[in-house]
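The next block holds one structure in the form of structure tokens; read it before the comments.
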Amino acid sequence: MKYILRLPVLFIILFFTTSFRPAKKKDLVVITYNIWNGFENQLQRRNTFIKWAKKQNADVIAFEELNNFTQQSFSALAKTWGHPYAVIVKESGYPVGISSSYPITNVYKLINGMHHGCLYAEIKGISFFVVHFSPFSSAKRLQEASAVIQLLKEKGKLKKRTVILGDFNAFSPNDSSFYAETGIRDSMYIAQQKNSVLQNLNEQHELDFQVIRAFMLAGFNDSFSLFNKTFIASYPSKVYFNVPLSEKIRIDHILLSGKMKTSCKKTEIIKDNVTDTLSDHYPVKAVFNVQ
């Protein structure tokens, strides 16, 4: 009789312990990828990416070099890997864009004064800023970085949950010791002597770390360096053969505000049999533990 009377009490305990547990946090997977001139306008490359993207099951994908895409065609393409939401910054040149499985809100397109244009958007309570800075001038890149930082400051997002990601065409100071051993500075100096359009060294003709350092001074973190102590290049991929060490660089970044740093579980440069030749850049992926 005592056993029977205890059963309702047991059910009540089980109900309260299972019904009022804190909601389990879900990983948020974010990728940035320079897709090389809009997949070089090749259907096979595009289809290969679609299959790859489905396997990644990312929640947010930022793109650089969405050449020849319109808002309509980019939105249609994003749906093929399960993203019903997509925004492109412009429909000419080398646009950036972003696609998501969650609604994209408060979009702001920063185009004037920018080499390719940058895109601000909010997804799931997180501010994303997709960038693609000048490949030709360190001074121009610093101007672009300053414009991004200023806009985030005006929006009050510097200390909020903010992610800046894309092709920065800029070196992280966290990689300085690696570059010191590769001779990349000399390679860049020779390139500048041959082509005056290229001004990628700083005014002292040394490697320029000012762009990423500017973001660090504004409170952002180089997420790759948080989890990886050895250098891994994000450019170039194996689409180019026999690339010397002096030309291997990491210029694709995911930068995190302090609040996003605490929720980041890992960041990696994805190198596999698809990304080896799909683009000249490798994609970067970050995983976050968020509600």
Side-chain angles (χ1 to χ4, degrees), residues 32-38 40 64-65 67 93-94 96 114-116 118 131-146 148 164-217 220 222-255 267-272 275-284:
T32 180
Y33 205 170
N34 182 322
I35 58 170
W36 197 21
N37 299 322
E40 288 285 274
E64 300 83 54
E65 298 197 12
N67 301 35
Y94 288 73
V96 300
M114 311 301 283
H115 190 84
H116 292 307
C118 301
V131 306
H132 187 188
F133 293 155
S134 169
F136 304 127
S137 168
S138 62
K140 179 62 177 179
R141 287 193 292 273
L142 188 57
Q143 291 176 4
E144 293 178 293
S146 298
V148 170
I164 308 172
L165 70 172
D167 179 358
F168 290 69
N169 277 309
F171 300 149
S172 170
N174 295 325
D175 295 332
S176 59
S177 59
F178 170 80
Y179 292 132
E181 303 295 327
T182 67
I184 187 171
R185 179 266 172 198
D186 294 339
S187 295
M188 292 176 67
Y189 182 77
I190 292 170
Q192 286 191 181
Q193 298 304 303
K194 293 180 178 178
N195 185 352
S196 61
V197 173
L198 299 176
Q199 296 296 322
N200 286 315
L201 297 175
N202 63 21
E203 293 179 353
Q204 291 73 42
H205 302 295
E206 298 295 339
L207 295 182
D208 185 16
F209 300 103
Q210 294 180 91
V211 171
I212 304 303
R213 186 174 285 120
F215 286 111
M216 290 178 170
L217 290 173
F220 287 87
D222 173 4
S223 67
F224 181 82
S225 296
L226 296 175
F227 301 94
N228 303 273
K229 301 307 177 186
T230 58
F231 176 87
I232 298 177
S234 69
Y235 176 91
S237 69
K238 291 183 179 179
V239 74
Y240 299 114
F241 298 101
N242 300 320
V243 175
L245 190 63
S246 61
E247 294 180 14
K248 293 183 178 181
I249 54 180
R250 185 168 71 92
I251 55 176
D252 303 271
H253 306 287
I254 298 179
L255 306 184
T267 299
E268 62 180 327
I269 296 171
I270 306 176
K271 296 192 175 186
D272 56 35
T275 62
D276 275 343
T277 55
L278 183 64
S279 171
D280 54 345
H281 289 247
Y282 284 104
V284 185

Check the pair Phe224 / Asn174 against side chain to side chain contact (heavy atoms under 4.5 Å, CB included), numbers first and verdict last. CA-CA 10 Å; Phe224 181 82; Asn174 295 325; over 6 Å; no
Can you tell if the side chain of Ile249 reaches within under 4.5 Å of the side chain of Tyr179, non-hydrogen atoms only? yes
Only counting residues at least two apart or in another chain, list the ones meeting ring-ring contact (aromatic ring centres under 6.0 Å, His included) with Phe168. Phe133, Phe215, His253
Residues at least two apart in sequence or cross-chain that pass side chain to side chain contact (heavy atoms under 4.5 Å, CB included) with His115, listed by chain then number, are Ser134, Pro135, Phe136, Glu144
Under the salt bridge (charged side-chain N to carboxylate O under 4.0 Å, His left out) rule, what pairs show up with a residue in residues 167-180, not counting sequence neighbours? Asp175-Arg250
Selection residues 207-217 - residue pairs positive for side chain to side chain donor-acceptor pair (under 3.5 Å), sequence neighbours left out: Asp208-Gln210
Are the side chains of Ser137 and Gln143 in touch, meaning some heavy atoms are under 4.5 Å apart? no
With sequence neighbours excluded, residues passing salt bridge (Lys or Arg N to Asp or Glu O under 4.0 Å) with Glu268: Lys266, Lys285
Side chain proximity check, His205 to Arg185, heavy atoms < 4.5 angstrom: yes
Please enumerate all residues that pass side-chain hydrogen bond (donor to acceptor under 3.5 Å, both in side chains) together with Thr182, with sequence neighbours excluded. none
I need the minimum non-hydrogen distance between Met216 and Pro173, along with the two atoms involved. SD-CG, 3.7 Å
Under the rule for side-chain hydrogen bond (donor to acceptor under 3.5 Å, both in side chains), what residues qualify as partners of Asn169, not counting sequence neighbours? none
dist Ile212:CD1 -> Leu255:CG (nearest 0.5 Å) comes out at 5.0 Å
Rounded distance (nearest 0.5 Å) linking atom OH of Tyr282 with atom OG1 of Thr32: 16.0 Å
Sub-4.5 Å side-chain heavy-atom contact between Tyr94 and Asn67: yes
Could you note down all residue pairs passing salt bridge (charged side-chain N to carboxylate O under 4.0 Å, His left out) where residues 225-234 supplies at least one of them, sequence neighbours left out? none
My understanding is that only residues two or more places apart in sequence, or in another chain, count here; which of them pass ring-ring contact (aromatic ring centres under 6.0 Å, His included) with Phe209? none
Return all side-chain donor-acceptor pairs below 3.5 angstrom for residues 189-197, not counting sequence neighbours, or 'none' if the list is empty.
{"unit_1": "Gln192", "atom_1": "OE1", "unit_2": "Asn200", "atom_2": "N", "d": "2.7"}
{"unit_1": "Gln192", "atom_1": "OE1", "unit_2": "Leu201", "atom_2": "N", "d": "2.8"}
{"unit_1": "Asn195", "atom_1": "OD1", "unit_2": "Val197", "atom_2": "N", "d": "3.0"}

Validation: residues 235-244 side-chain donor-acceptor distances under 3.5 Å, sequence neighbours left out:
{"unit_1": "Ser237", "atom_1": "OG", "unit_2": "Val239", "atom_2": "N", "d": "3.3"}
{"unit_1": "Ser237", "atom_1": "OG", "unit_2": "Asp276", "atom_2": "O", "d": "3.3"}
{"unit_1": "Ser237", "atom_1": "OG", "unit_2": "Ser279", "atom_2": "O", "d": "2.4"}

Working to the nearest 0.5 angstrom, can you tell me the gap between Asn34 CG and Asp280 CG? 6.0 Å
What's the verdict on side chain to side chain contact (heavy atoms under 4.5 Å, CB included) for Leu165 and Val284, showing C-alpha distance, side-chain angles and the deciding distance? CA-CA 9 Å; Leu165 70 172; Val284 185; over 6 Å; no
Hey, does Val211 have a side-chain heavy atom less than 4.5 Å from the side chain of Ser138? no
Could you walk me through whether Phe171 and Ile184 pass the side chain to side chain contact (heavy atoms under 4.5 Å, CB included) test, one step at a time? CA-CA 11 Å; Phe171 300 149; Ile184 187 171; 3.8 Å; yes
Glu64 and Val131: which non-hydrogen atoms are nearest, and at how many Å? CG-O, 3.7 Å
So, using side-chain hydrogen bond (donor to acceptor under 3.5 Å, both in side chains) as the criterion, who are the partners of Ser187 when residues are at least two apart? Ser246
Rounded distance [0.5 Å steps], CD1 in Ile254 versus CD1 in Ile164: 12.0 Å
What verdict does the side chain to side chain contact (heavy atoms under 4.5 Å, CB included) test give for Val148 and Met114, after you've listed the backbone C-alpha separation in whole Å, the side-chain angles of each residue and the deciding distance to 0.1 Å? CA-CA 10 Å; Val148 170; Met114 311 301 283; 4.3 Å; yes
Side chains of Leu245 and Glu181: closer than 4.5 Å at any heavy-atom pair? no
